[in-house]
Number of protein chains: 2
Amino acid sequence: MRPTTKDLAKAAGVSLATVDRVLNRRAGVRKETVEAVNAAIVEIGFERNISAANLARGRRYRFEFLLPTAGDQFLESLVARIEEARTAFVGELTEVRFRRVLSDDPHQIASELTSIRPDTADGIAIMAPEAPQVRDATQRLMERGVKVVQFVSGQPGTRPVDFVGVDNNAAGATAGRLMGKFCTGHPGRILVIADTMTARDNVERRQGFDLVLTRDYPELEALPSVETHGDLERTHRIVRNLYSNFSDISGVYVLSSETRVALQAISEASDLSTQQVIAHERTSFNEEMLRNGGLDAVIAQNPGHLVRSAIRVLRARCDGREPIASQEQIRIEILIRENLGHGPSRVIQP
Amino acid sequence: MRPTTKDLAKAAGVSLATVDRVLNRRAGVRKETVEAVNAAIVEIGFERNISAANLARGRRYRFEFLLPTAGDQFLESLVARIEEARTAFVGELTEVRFRRVLSDDPHQIASELTSIRPDTADGIAIMAPEAPQVRDATQRLMERGVKVVQFVSGQPGTRPVDFVGVDNNAAGATAGRLMGKFCTGHPGRILVIADTMTARDNVERRQGFDLVLTRDYPELEALPSVETHGDLERTHRIVRNLYSNFSDISGVYVLSSETRVALQAISEASDLSTQQVIAHERTSFNEEMLRNGGLDAVIAQNPGHLVRSAIRVLRARCDGREPIASQEQIRIEILIRENLGHGPSRVIQP
DNA sequence: TATTTTCTGAGGTACGTACCTCAATTTGGT
DNA sequence: ACCAAATTGAGGTACGTACCTCAGAAAATA
């Protein structure tokens, strides 16, 4: 049988009460006694029964995701995964909610954060553009005892905070490498396009992309970033101009997770199938583009992993535990047509 | 507050005993009563407290992994992940062990399977080459009430069984696509090499690879598979011959997870850096090769996911639940130098 | 040594569910 | 309407841990 606290007490030669004090780090225990109990824990291989502990503690974790309103498909899939997690975690006494705020209004984000108190939520995952107000509000939130993780896009804070997301610099470098290898034998210019370059992740991706391209593929020249701002008309004009100026555009890199406007504008100005096109995030639009050949590769991060990882990190922090770093590493995925996966299921029912 | 069985009893207008009978599918309850309780479950949003249930039930899950002895690095990393899971799951009342058997002796595998009984283990994850004896032993194992998943490489069984692993056909197709795109402007032959072609996964990969190459890249010709059988000397001779016969080998595809012998033999016969080289599985050797440019891409499956997924599927089956198919989908990962990830940690401690 | 302070033990209740027994009630068949 | 069978209720114990109180023992201080 698996040893219980009772066995532990006997093994350590102390009472159940003292074992409890040590296990839950309560004050008023001599150092030698603590060590004796810890030694006994190792000796008999005691493992706390989490089910029993949760039950006795009646503990509940209430977490919230703070997401921008502006909704591209990637955000929608994040929301979908949060909904999934909401039901998947009920059994683990974890309540998950989310709220959305206008991403271009740091003031509103800050006031939203200010409204959160320890009796409302135990932890928050924040996805917001960088701004001093947001940083300060986050700081105060943490001081109030609410656990915080930076979600998907980091804030360059003064105080280190848990971050759940990919290294966007490396993601850009990944795109750069693929672009370089895909364009073998086709020297020329690379069109780089994004919704906006004020977002931190886009900037970092661009840096990583440029690094690889200039270092390893001098025959390719990345053009200055074109910003769409979601305006198809305007983007179309800019892009058309570029294509008439440069006849040697051999690749397109879409930095932002919103790819539709960019690709639509370009496809009206040029034949995409003759170029190598790389974009970000696994959206249904991008999947379709991969399947029909409009996209050659997609760099993605798994939204389900992001959400679950954020929850696990928050829960570890609430318990005063250290998150398992290796498990919370979010991978930079490369998707092409062949590894998209087809059916929803590969598990076969007997 | 979250509703309990007591609340459920009140809402359904029945006693606690009846609620218990319905929840645990015990016999002796009228159909109408069952339906009334189920309706109440939906109505009040009852969710069984898994912690309490586990505690009361005193349930323990004992799972075993059956792995081949022949150890390439991929297998070693599987073992490492099983060890991790062993400690990570103790809190969830799940015991994980593994045993290894000679992969080339179906008879021994079968007898190993025969020795497993429901009082020894609740579930088994089997990774074994295909053989009738193994299939039959698996069949009998399931009839004895032990839950089974096919692990990593599937058996083409008569009876459908849960399978945890990637679609190797798609994995090969992924390699084919990358090879095709990497070799743009370099028509020629592709050297395909594996430890053995008797393993099912290798055959499936080859099929997927060929499919893409012949359909989309007619300028590339994949040569017949070279088998190393772990014999460097012999492999070296064969490969040297090939390179002297064909001067236009522009790519190498290593089918099997053991890449060392293959790559070593080839690098002695030719300059690998002028060719596109694609291999399988994230081993430390392959990582190193990616970093130093000896490999251009690696197709991988995440061993940690494989192990955890197998455990989750087995646990679901033991509970009589259906596994969440989407969560147990194992992805085909593409690795290049830039998305390997560097440090172990991206979570920063406050 | 006397007194305070710190530490430890004993015993209790609670958490939500599983599973058991036995009696009471309802249902179905005749 | 009667009996047997099927169904339901009432009440109990158990799981392992958390957290509480209060008394008593040990250690530190004066």
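Treat the numbers as computed from the prediction; the structure is a model and nothing was measured. Numbered from 1 within each chain, the chains take letters A, B, ... in sequence-line order.
The residue among B:E32 and A:A53 whose nearest nucleotide of DNA chain D lies closer to the 5′ end is B:E32. Each of B:R26 and B:L55 was assigned the nucleotide of DNA chain C with the nearest heavy atom; the assignment lying further toward the 5' end belongs to B:L55. Place B:R21 and B:N24 on DNA chain C by their nearest nucleotides, and B:N24 ends up nearer the 5' end.
Listed nucleotides D:dG9, D:dT21, C:dT17 differ in distance to B:N49; the shortest reach to its side chain belongs to C:dT17. Between C:dA14, C:dA18, C:dA10, one nucleotide has an atom nearer to the side chain of A:A56 than all others, and that is C:dA14. Distance from the side chain of A:A52 is smallest to D:dT17 among D:dA18, D:dT17, C:dG9. Distance from the side chain of A:R30 is smallest to D:dA27 among C:dT27, C:dA10, D:dA27.
At a threshold of 4.0 Å, the pair A:E95-A:R62 does not count as salt-bridged, since none of the basic side-chain nitrogens sits closer than that to a carboxylate oxygen. Salt bridge A:E76/A:R100: present, at least one basic N to carboxylate O contact under 4.0 Å. The pair A:R99-A:E64 meets the salt-bridge criterion, since a charged nitrogen lies less than 4.0 angstrom from a carboxylate oxygen. Contact check on B:R30 versus B:E32 returns a salt bridge, with a Lys/Arg side-chain nitrogen under 4.0 Å from an Asp/Glu carboxylate oxygen.
In this entry the distance linking CZ of B:R57 with P of C:dT17 reads 11 Å, nearest Å. Counting to the nearest Å, the C1' atom of D:dT7 and the CD atom of B:E35 are 16 Å from each other. Here the P atom of nucleotide D:dA18 and the CZ atom of A:R60 are 19 Å apart, to the nearest Å. Taking atom CD1 on B:I50 and atom P on C:dA18, their separation rounds to 11 Å, with Å as the unit. Computed from coordinates, the B:L8 CG to C:dT17 P distance equals 9 Å when rounded to whole Å. Taking atom CD of residue B:E47 and atom C1' of nucleotide C:dT17, one finds them 15 Å apart after rounding to whole Å. Atom CZ of B:R48 is separated from atom C1' of D:dC15 by 16 Å (rounded to the nearest Å). Computed from coordinates, the A:K10 NZ to D:dG16 P distance equals 13 Å when rounded to whole Å.
In this model, the phosphate group of C:dT17 is approached by a side-chain N or O of B:T5 to a distance below 4.0 Å at OP1 or OP2. A close approach under 4.0 Å does not occur between any side-chain nitrogen or oxygen of A:T18 and OP1 or OP2 of C:dT8. Dashed line: the shortest gap from a side-chain N or O of B:S15 to OP1 or OP2 of D:dG9 is under 4.0 Å.
Residue-level contact check: B:G58 touches neither bases nor backbone, having no heavy atom under 4.0 Å from any strand. B:N54 comes within contact range of no nucleotide atom at all, as no heavy-atom separation falls under 4.0 Å. Note on A:D20: a base of the nucleic acid sits closer than 4.0 angstrom, heavy atoms only.
Among residue pairs with one or both ends in residues 11-28 of chain A, those qualifying as salt bridge (Lys or Arg N to Asp or Glu O under 4.0 Å) are A:D20-A:R26; sequence neighbours excluded.
Proximity of A:E112 to A:V134: side-chain heavy atoms (C-beta onward) are nowhere separated by under 4.5 Å.
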